[in-house]
Amino acid sequence: NFTIYSIEILFRFFPFISFSLVVHAAEDPNCKTKQNDNSIGIFTMSIAPRAAKKPRTSKSPPSALTSGTNDDIPVPETTSLDYVNLTSHTDTFGVDPIPISWGHPDPSVRGPVICTVRHSSQRNAIGAHSGSYCIYTGLAVAAGKLNPDYLPNLKLTSPVFSIGPHSSWSDPKKIASIDPFGHLTTVVYGGYLDKGFDIRPTIAVTKAHIDLPETREAVAAGRLVPDGKILLAGGQSIVSKAAIEPVWYLPEIARRFGCTEAMLRQSIFRMTNGMYPELITRPDIKIFLPPIGGLTIYIWGDPDTIPDEDIELTCRVHDECNGSDVFGSDICTCRPYLTHAIEECIKTAQRGGAGVVIYFRKEGRSLGEVTKYLVYNTRKRQEGGDSAENYFNCTEQVAGVQDTRFQALMPDPLHFLGVTRIHNFISMSDMKYNAIVNTGIEIVNRVEIPKELVPDDAQVEITAKVYHGYNAGKAYQNIDEKELKKTVGREYAYGKPDEEKKNVVENVVKNVVE
């Protein structure tokens, strides 16, 4: 205790000195609180002069993408990974984050997002890269399969086609959930990399061929005609694509959700069971890499045409549905609507425009697949069976809320691409439509899913959604209260919950006895 108090006194009276409190895992036979061989035993302190910060200023026009000069870039303070460096509070031992000015058009002034473990005192973001997959990185280190000191070789990873910069990149009201410079790490932050900083891209840009059975069927039916450029004779389509990890600028995220930044931080901290204490203790850090799924952008045609309002743009924003998108479950319209959008994107690209599908990892309306399946069981077991009338009520009964996607952050990747007008929006969602147009993007035409593509068991979903406000288009004009009440889904012999519980208990007892 005397040591800790002494450190605090030194820090308060000598703020020009940087302290780092280090916790070593060591065996101390005199440590009365020691519980096992891995107990934390010894505190040590390192003291070093803190270099004076130089304010970064732009030395180039706002539209230029520069990496700054080496004089502007501080020396990296590399954290040794054989101990835990406690930097969990603002203005305490060793805390010296690289300044970041979110929304500045010059990336060298804006500053890089640093969220790797090598620079714990200088990192300017809470969380970790790769979303929930960061846990697997920890497992790889624990298993001895990954050297924690490893630095990725990024020399050959630069984008294979250009995106931006666009004026929207410097407007936090348009981009606050992704880093618009996240794909340009080696270009605009090369000086930091050369100095030894470990900075990871949060966006990867590449090209691919996509082979879908529905596209081949469209070719066979004559709805699509191969041109050898956008669509090959075998039914493969050629796309440009970008994978994006979420990077949140917390002040703007809070504004969009109509709450204070403090309330946002407290809510996330509480609902993650205290997973990120720095949301509470580090108000100086405004960037958060949340442990959620990211998104992928698929582009058919020339990406450079996307910002041009006079060139046709077809777009669908799609939220992940593993059961339908991958395995073909027919209880919803997700895969049919997705493949229909891809067909329309290909047609638009062949006409000289561009088609865009943005695929969000928001499984089960961002409630998760387990919750979604629990809702399915509730829908099928409720009195009267699966019905359009109670479609939304079942979700709220299980999850306490109908939907946690909210869509407030959804338009950001559109602004990342420079979109200002969508000629054909392949979606019936009123929430998505409103979110997009409220950020200044014009939508000319809304395209509903053709009725013949809706599976029989998905009639419950489409009827409920249209009745409650989804765009009906021309195909679903006759959905009224009478239609809502009479629309029911497929019946399953699930049995009542009490009967199922009895069977499970009997099987468990039987197995124990055996």
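As a basis for the values below, the full set of heavy atoms in this structure was taken, side chains included, without hydrogen atoms, waters or symmetry mates.
- For OH of Y136, the number of neighbouring non-hydrogen atoms (other residues, nucleotides, ligands) closer than 6.0 Å is 12 at most.
- Between the side chains of T463 and E483, not a single donor N or O lies within less than 3.5 Å of an accepting N or O.
- At least one side-chain heavy atom of D198 sits under 4.5 Å from a side-chain heavy atom of P152.
- Between the side chain of D325 and the backbone N or O of E320 there is no donor-acceptor pair closer than 3.5 Å.
- Side-chain N or O atoms of S170 include one that pairs as donor or acceptor with a backbone N or O of S167 at under 3.5 Å.
- Of all the heavy atoms in G235 and L231, the pair that sits closest is O-CD1, 3.7 Å.
- In this structure, the side chains of P336 and I449 come closer than 4.5 Å at one or more pairs of heavy atoms.
- In terms of modelled atom types and a separation under 3.5 Å, the side chain of T215 and the main chain of D211 share no donor-acceptor contact.
- When the options T348, I238, V356, V239 are evaluated for a side-chain contact (heavy atoms from CB on, under 4.5 Å) with W300, the one that passes is V239.
- In terms of heavy atoms, P201 sits closest to L154 at CD-CD1, 3.9 Å.
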Original post:
Where do E261 and K286 land on the side chain to side chain contact (heavy atoms under 4.5 Å, CB included) test, with the steps shown first?
Top reply: CA-CA 9 Å; E261 183 184 341; K286 304 295 184 181; 3.3 Å; yes
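- Interatomic distance, E448 CD to L453 CG, rounded to the nearest 0.5 Å: 11.0 Å.
- A side-chain donor-acceptor contact under 3.5 Å links Y189 to the backbone of G111.
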Original post:
Which is it for L417 and I163 under the side chain to side chain contact (heavy atoms under 4.5 Å, CB included) test, yes or no, and what are the steps along the way?
Top reply: CA-CA 6 Å; L417 296 174; I163 299 178; 4.3 Å; yes
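- I230 contributes atom CD1, which lies 9.0 Å from atom CD1 of I346 (distance to the nearest 0.5 angstrom).
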**OP:** Let me see the working for Y298 and H318 under ring-ring contact (aromatic ring centres under 6.0 Å, His included), right down to the final yes or no.
**Re:** CA-CA 11 Å; Y298 295 88; H318 188 92; over 10 Å; no
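- Q382 places a side-chain N or O within 3.5 Å of a backbone atom of G385 that can act as its donor or acceptor partner.
- Counting non-hydrogen atoms of neighbouring residues, nucleotides and ligands closer than 6.0 angstrom, the CD atom of E491 reaches no more than 12 such neighbours.
- Atoms NZ and OG, on K485 and S387 in that order, are 9.0 Å from each other to the nearest 0.5 Å.
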Original post:
When you look at F288 and L264, which way does the side chain to side chain contact (heavy atoms under 4.5 Å, CB included) test go after all the steps?
Top reply: CA-CA 12 Å; F288 178 43; L264 175 67; over 6 Å; no
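- Between Y337 and V447, the shortest heavy-atom contact is OH-O, 2.7 Å.
- Between W169 and F181, the angle of the ring planes goes over 60°, which puts this pair in the perpendicular group of the 30/60° scheme.
- Between the side chain of S329 and the backbone N or O of G323 there is no donor-acceptor pair closer than 3.5 Å.
- Side-chain contact of R361 with T296: a donor-acceptor pair under 3.5 Å is present, judged by distance alone.
- Using a 4.0 Å cut-off between charged side-chain N and carboxylate O, K347 and E344 make a salt bridge.
- A341 approaches I426 most closely through the heavy-atom pair CB-CG2, 3.8 Å.
- Checked against a 6.0 Å centroid threshold, the rings of F425 and Y433 do not count as neighbours.
- Counting heavy atoms from C-beta outward, T116 and H129 have side chains that approach closer than 4.5 Å.
- Applying the 6.0 Å contact sphere to CZ of R270 captures no more than 12 heavy atoms from other residues, nucleotides or ligands.
- For an aromatic pair to be called close, the ring centres must be under 6.0 Å apart, and H119 with F197 satisfies this.
- With rounding to the nearest 0.5 angstrom, the NZ atom of K465 is 4.5 Å from the OH atom of Y391.
- The salt bridge (charged side-chain N to carboxylate O under 4.0 Å, His left out) pairs that include a residue from residues 158-181 are R110-D179, where partners are two or more places apart or lie in different chains.
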Original post:
Stepwise, does the side chain to side chain contact (heavy atoms under 4.5 Å, CB included) test hold for K241 with I210?
Top reply: CA-CA 11 Å; K241 61 181 183 177; I210 291 181; over 6 Å; no
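- Judged as a salt bridge (charged side-chain N to carboxylate O under 4.0 Å, His left out), the pairs with a partner in residues 403-421 (not counting sequence neighbours) are, in order, R256-D412, E309-R421, D319-R405, D403-R405, R421-E442.
- Judged by distance alone, the side chain of N124 and the main-chain N or O of P97 form no donor-acceptor pair under 3.5 Å.
- Enclosure of atom CG in D456 is not indicated, since only 12 or fewer non-hydrogen atoms of other residues, nucleotides or ligands lie within 6.0 angstrom.
- Between Y249 and I287 the shortest side-chain heavy-atom distance falls below 4.5 Å.
- I175 and W102 make their closest contact through O-NE1, 3.2 Å (heavy atoms, listed as atom of the first residue, atom of the second, distance).
- When side chains are defined from C-beta on, Y492 does not count as touching D386, because their heavy atoms never get closer than 4.5 Å.
- At most 12 non-hydrogen atoms from other residues, nucleotides or ligands lie less than 6.0 angstrom from CD of E481.
- With a 4.5 Å cut-off on side-chain heavy atoms, I100 and V113 count as touching.
- One distance of note links CD of E245 with OG of S130; it measures 4.5 Å at 0.5 Å rounding.
- Within the 4.5 Å cutoff, the side chain of Y467 has no heavy atoms near those of the T487 side chain.
- Considering only heavy atoms from C-beta on, E343 stays 4.5 Å or farther from E214 through its side chain.
- Remark: the backbone N or O of R490 is paired with a side-chain donor or acceptor of K380 at under 3.5 angstrom.
- Put simply, NZ on K432 and CG on N471 are 13.5 Å apart, with the number rounded to the nearest 0.5 Å.
- A donor-acceptor pair under 3.5 Å links the side-chain atoms of S324 to the main chain of R335, judged by distance alone.
- Side-chain atoms of R365 come within 3.5 Å of backbone atoms of Q402 as a donor-acceptor pair (strictly under, hydrogens ignored).
- Considering all non-hydrogen atoms of both residues, I358 and F360 come closest at CG2-CE1, 3.6 Å.
- Counting non-hydrogen atoms of neighbouring residues, nucleotides and ligands closer than 6.0 angstrom, the OH atom of Y133 reaches no more than 12 such neighbours.
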